[in-house]
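Presented below is the structure to which this report refers.
Quick note on labels: first sequence line is chain A, next is B, and so on, each numbered from 1.
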Amino acid sequence: NAGVTQTPKFQVLKTGQSMTLQCAQDMNHNSMYWYRQDPGMGLRLIYYSASEGTTDKGEVPNGYNVSRLNKREFSLRLESAAPSQTSVYFCAGSWSSTDTQYFGPGTRLTVL
Amino acid sequence: AQSVTQLGSHVSVSEGALVLLRCNYSSSVPPYLFWYVQYPNQGLQLLLKYTSAATLVKGINGFEAEFKKSETSFHLTKPSAHMSDAAEYFCAVSAPNTGFQKLVFGTGTRLLVSP
């Protein structure tokens, strides 16, 4: 099993460009999550999907959109990238909301 | 609402010394508590979790944590540090039995291990 995978690993964007971060899991997780990690701030939840077909805002959703394409895939889209969105983005999955979350390796995004 | 405070953004120990990473939580209901570790340029992986069974929880790589309700603490310890323990450690809390719950993470503590 590959676990939770993310693509790309690295990305550089110019201000105003758009892109989609991809996340896929083969662990049959019901719930999936997108976090951003910034120095000194830990992980902050951007969006989550409690189950296939549902998505909800987390702590810092502004500037992002998500799609739960199917049970396996959960993508994060930046419509118009801003320098404040420079961060490391992690996708995670879990079987239930109180269960262990399994994290992908992350995407390091730089917005110039 | 749940919250987590990790005291000390950096902790330095010598190889072979005791590791103590502090975590205090706030929760309106009995919480679930987690410790995750992040090695450089990697995602987070679970070290251990408390889910209201035994208050002393043993995890991977020789780590353990004790849930102390009276102190609202869940400190992480390891008797003897190894160089390979150098990483960033995150404490997290969730509130079970209250509908869909999101994990709330602390800001992390970077453990530095010197020879």
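The side-chain heavy atoms of B/L44 and A/Q101, taken from C-beta on, include no pair separated by under 4.5 Å. Two residues are said to be in side-chain contact when any heavy atoms from C-beta on lie closer than 4.5 Å; A/T100 and B/Y36 meet this criterion.
Contact annotation for B/Q38: only side-chain heavy atoms (C-beta onward) come within less than 4.5 Å of a heavy atom of chain A. Heavy-atom distances place the side chain of A/L45, and not its backbone, under 4.5 Å from chain B. For A/Y35, the part sitting under 4.5 Å from any heavy atom of chain B is the side chain, from C-beta outward, and nothing else. Contact of A/R108 with chain B is made through the side chain alone, with heavy-atom distances under 4.5 Å.
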task: Apply the test side chain to side chain contact (heavy atoms under 4.5 Å, CB included) to residues B/F90 and A/Q37: give CA-CA distance (whole Å), side-chain angles for both, the deciding distance (0.1 Å), then the verdict.
output: CA-CA 12 Å; B/F90 293 92; A/Q37 183 180 30; 3.2 Å; yes
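Taking both residues in full, the closest heavy atoms of A/D99 and B/K49 are given as OD1-NZ, 3.2 Å, listed atom of the first, atom of the second, then distance.
At a threshold of 4.5 Å between side-chain heavy atoms, the hydrophobic network of Ile, Leu, Val, Met, Phe, Trp and Tyr places A/V4 and A/L21 in two separate groups. Cluster annotation: B/Y25 is connected to B/V57 through the hydrophobic network of ILVMFWY side chains, with a link wherever side-chain heavy atoms come within less than 4.5 Å. In the hydrophobic clustering of this structure, B/I60 groups with B/F74; members are Ile, Leu, Val, Met, Phe, Trp, Tyr whose side-chain heavy atoms approach within less than 4.5 Å, directly or through other members. Using a 4.5 Å cut-off between side-chain heavy atoms of Ile, Leu, Val, Met, Phe, Trp and Tyr, with links allowed through other members, A/I46 and A/Y33 fall into different hydrophobic clusters. Residue A/Y64 is grouped with residue A/V60 when hydrophobic side chains (ILVMFWY) are merged at heavy-atom distances under 4.5 angstrom, including chains of intermediate members.
Going from atom CD of B/Q42 over to atom CZ of A/F103 covers 13.5 Å, rounded to the nearest 0.5 Å. Taking CG from A/L43 and OG1 from B/T107, the interatomic distance works out to 11.0 Å, rounded to the nearest 0.5 Å.
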